[in-house]
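Since the structure comes first, as structure tokens, the remarks are kept for the end.
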Amino acid sequence: MVDLRNIRELTDKGEAEYQKVWDEVPNKDPPLWMLYEEEYSTPVVFDDGLPRKIDVDATIKTGMDLALLVDGALGVSVEEARSHPQMWSWLSLLFYKQLRKGEMGDWPTSKSGQSGASMEKFVFDEAYGAFKYYRHRVYSRYWLWKTYGEDARVYLVTSANKWSEISEQTLGVMEIISCPGLIGAVNLLYLDESSKTGFKLGAGGDGPGSPRRFRDVFWQFVETYHMQGMDKEQIVNLLPSEFDKYRGIA
Amino acid sequence: MMPAIIVDPLRKTSTVNHTRRTRITKDQYILDVSWEGAHPTVSEIRVEADWDTTYPEDSPVVAEFMQRSGYNKVEMGTVGNIEMVESGKLADFQTDKPLHYRVLVFDPHSGILLGSSARNEVRRPKEESETINILAFKAARLDKTRVTRIQFPVQVDYPIVVYINDSCNELVEALHNETKNPAIYALTVTPYLQTIAWRMVSNIRLNSDLDLDPRQTWEGRWNTWISSAKGLGMKGLEDIDYDDEDKAHQWVDSIVLAWSRKQGNPVSDVCSLLGGI
């Protein structure tokens, strides 16, 4: 059943309330009650003076489902979408139960906060997550799809409530996330949509040719080549033999 | 065909240099970034060193800029014909975050770097904490039917003044009160903000040479407040096509919207003021 409602953004009060989820370990239940409370959120008015609607009952299985849903609802430039930071927090709250493993009353959390459910993945707080913005569950999927399209599939085939090793190893580096050739190369190397995980076997590990090794090799390459001037095939061909398995050679 | 290079041992901190690239030091170039306006701008890049004997003359020279996931490059020609850049807008970059850059010289055929600067960080310089009043409220004897009236300044060091009928003492006190009742501000400032923004558009349409230096005109002061990170952080007049009616409308609307958002929830505040819940 489709239930279209205006996309909203959290107010300062709403954001503060949302952050309280992470005050305790295990984390509290998300404050879903405030989704449509005027004091805690307001409808977003876009540059054309109009609001946008989204299906609040949508079923989201993968990062791609999420990216397409949000992109279809917004229909604006990335720059404009980016200019509403608390809209991303509201969207993550709206779909919270589909974006985090667990259920109401039981949200598994490690004490170190490294269980894949830390705050920056849901609350788009630039002050808190200054160098972790790329992990936001909703914004990162939307941004990758809008910026790189099909070349970002490897980052989007994962379940919407998971953050892959590939994403963690490669998106946190400014020179990689901003380079079309490198993002495309990661896609060429590790994507296998016929597999259960969406990745080639071993892509989630740390052995030879793994995403972790890709990042190590990258640090040498960026000192040696003008990476932004290279396309994905050139970069894949340049990689040492340990990547043959993922290149389809071995 | 890319030449093979040896890439082991590989560590993030590796300094392996099998391709004999040279280090481009800061004394070899001048690079300045301007932080005025909605986006930072490369105001100057100039090569000070003689690279003719260091690199082949057909080697491209590029300054690449990064900010988070954003990338911009400024092409500077080749070593044999270096173009000095006087202005380059770094689209999509924000003025409230630092940016990183490298100056590169590379082989046009293999893409191998022949020379590279370190990855340098540039931050917006801290603004001097000078506070300038650009909007004032003053009580005045107005016609008894008139609540407020706006007056634009004739001298740059005067603010725009909203005169309030001194018979309406409650409104004068509310606007001067330190608690700044958000509902009162929403009802008074917001409509005048729209008027002020339209006056700015109108004035620059009449005089395209209008000086937007905040030391020279009231429009410059307001433009600085609108576009600075400490103000509204929106596009400035110089960033829009103000002759295009739609673009001008969008700009004015975006200013009112940004102001309203900074106030929190003015709709709710006004409703509460008028007895709503």
Side-chain angles (χ1 to χ4, degrees), chain A residues 9 11-14 38-49 77-80 82-84 86 126 130-131 133-134 140 143-144 147 171 173-181 183 213 215-230 234-235 237-242, chain B residues 1-19 21 60 62 64-73 91-92 94 96-97 100 102 104-108 110-114 116 119 233-234 246 249-251 253-254 257-258 260-262 264-268 271:
Chain A
E9 58 192 338
T11 61
D12 290 349
K13 194 171 180 180
E38 285 297 321
E39 206 175 336
Y40 296 88
S41 69
T42 54
V44 180
V45 180
F46 291 86
D47 286 356
D48 59 6
S77 69
V78 174
E79 189 182 12
E80 187 180 351
R82 174 71 184 73
S83 70
H84 299 282
Q86 288 316 315
E126 296 192 274
F131 301 102
Y133 66 95
Y134 65 90
S140 64
W143 184 88
L144 283 162
T147 307
L171 295 180
V173 180
M174 189 187 290
E175 286 88 345
I176 297 180
I177 195 173
S178 66
C179 180
I183 294 291
R213 289 288 300 151
R215 191 162 84 164
D216 288 342
V217 173
F218 158 78
W219 285 115
Q220 178 69 51
F221 278 6
V222 79
E223 293 293 336
T224 310
Y225 294 98
H226 182 225
M227 303 302 293
Q228 289 278 355
M230 296 168 70
Q234 284 178 305
I235 293 170
N237 288 334
L238 207 58
L239 290 164
S241 59
E242 67 172 283
Chain B
M1 182 68 186
M2 301 280 180
I5 57 166
I6 303 164
V7 291
D8 282 323
L10 294 171
R11 289 192 303 274
K12 180 178 173 180
T13 53
S14 170
T15 54
V16 178
N17 183 0
H18 293 290
T19 52
R21 71 179 174 279
V62 165
E64 59 175 22
F65 296 85
M66 280 166 283
Q67 188 183 65
R68 295 195 161 186
S69 53
Y71 177 87
N72 274 280
K73 69 175 175 182
D92 300 337
Q94 295 165 296
D96 60 344
K97 296 180 180 63
H100 298 84
R102 287 199 305 172
L104 307 174
V105 178
F106 59 93
D107 182 279
S110 65
I112 287 181
L113 297 181
L114 305 175
S116 167
R119 189 173 84 164
M234 307 301 291
D246 289 341
H249 263 287
Q250 282 178 14
W251 183 69
D253 279 350
S254 71
L257 195 59
S260 301
R261 283 199 181 115
K262 275 182 96 79
N265 193 342
V267 175
S268 169
C271 289

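For the numbers below, each heavy atom of this structure counts, side chains included, while hydrogens, waters and symmetry mates do not. Lettering follows sequence order; numbering is per chain, from 1.
With rounding to the nearest 0.5 Å, the separation of CG in A:L144 from OG in B:S69 is 8.5 Å. Going from atom CG of B:L104 over to atom OH of A:Y225 covers 14.5 Å, rounded to the nearest 0.5 Å. In this structure, B:E64 CD and A:C179 SG are separated by 9.0 Å, a value rounded to the nearest 0.5 Å. With rounding to the nearest 0.5 angstrom, the CZ atom of B:F106 is 12.5 Å from the CE atom of A:M227. Expressed to the nearest 0.5 Å, how far OG of B:S254 lies from CD of A:E80 amounts to 10.0 Å. For the atom pair B:R102 CZ and A:E223 CD, the distance stands at 6.0 Å (nearest 0.5 Å).
With hydrogens and angles disregarded, no donor-acceptor distance shorter than 3.5 Å links the side chain of B:R68 to the backbone of A:M174.
Between A:Q228 and B:K73, the closest side-chain pair of non-hydrogen atoms is not below 4.5 Å.
In terms of heavy-atom pairs under 4.5 Å with chain A, the best-connected choice from B:L113, B:D253, B:L114 is B:L113. Of the listed residues (A:T147, A:V45, A:T11), the one with the most heavy-atom contacts under 4.5 Å to chain B is A:V45.
Counted within 6.0 Å of CG on A:D48, heavy atoms from surrounding residues, nucleotides or ligands total more than 12; the atom is thus considered enclosed.
Taking each heavy atom of B:Q250 and A:D47 in turn, the nearest pair found is CG-O, 3.8 Å.
Residue contact with chain B, scored on non-hydrogen atoms closer than 4.5 Å, involves the side chain of A:E79 exclusively. Looking at A:E9, only its side chain comes within 4.5 Å of chain B, counting heavy atoms on both sides. Residue contact with chain B, scored on non-hydrogen atoms closer than 4.5 Å, is absent for A:V173. For B:H100, the part lying near chain A is the side chain, with the backbone staying farther off; criterion is any non-hydrogen pair under 4.5 Å.
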Evaluate the criterion side-chain contact (heavy atoms from CB on, under 4.5 Å) for residue pair B:R261 and A:H84; output intermediate values, then yes/no. CA-CA 11 Å; B:R261 283 199 181 115; A:H84 299 282; 3.0 Å; yes
One pair to check against side-chain contact (heavy atoms from CB on, under 4.5 Å): A:I177 and B:M66. What are the steps and the verdict? CA-CA 10 Å; A:I177 195 173; B:M66 280 166 283; over 6 Å; no
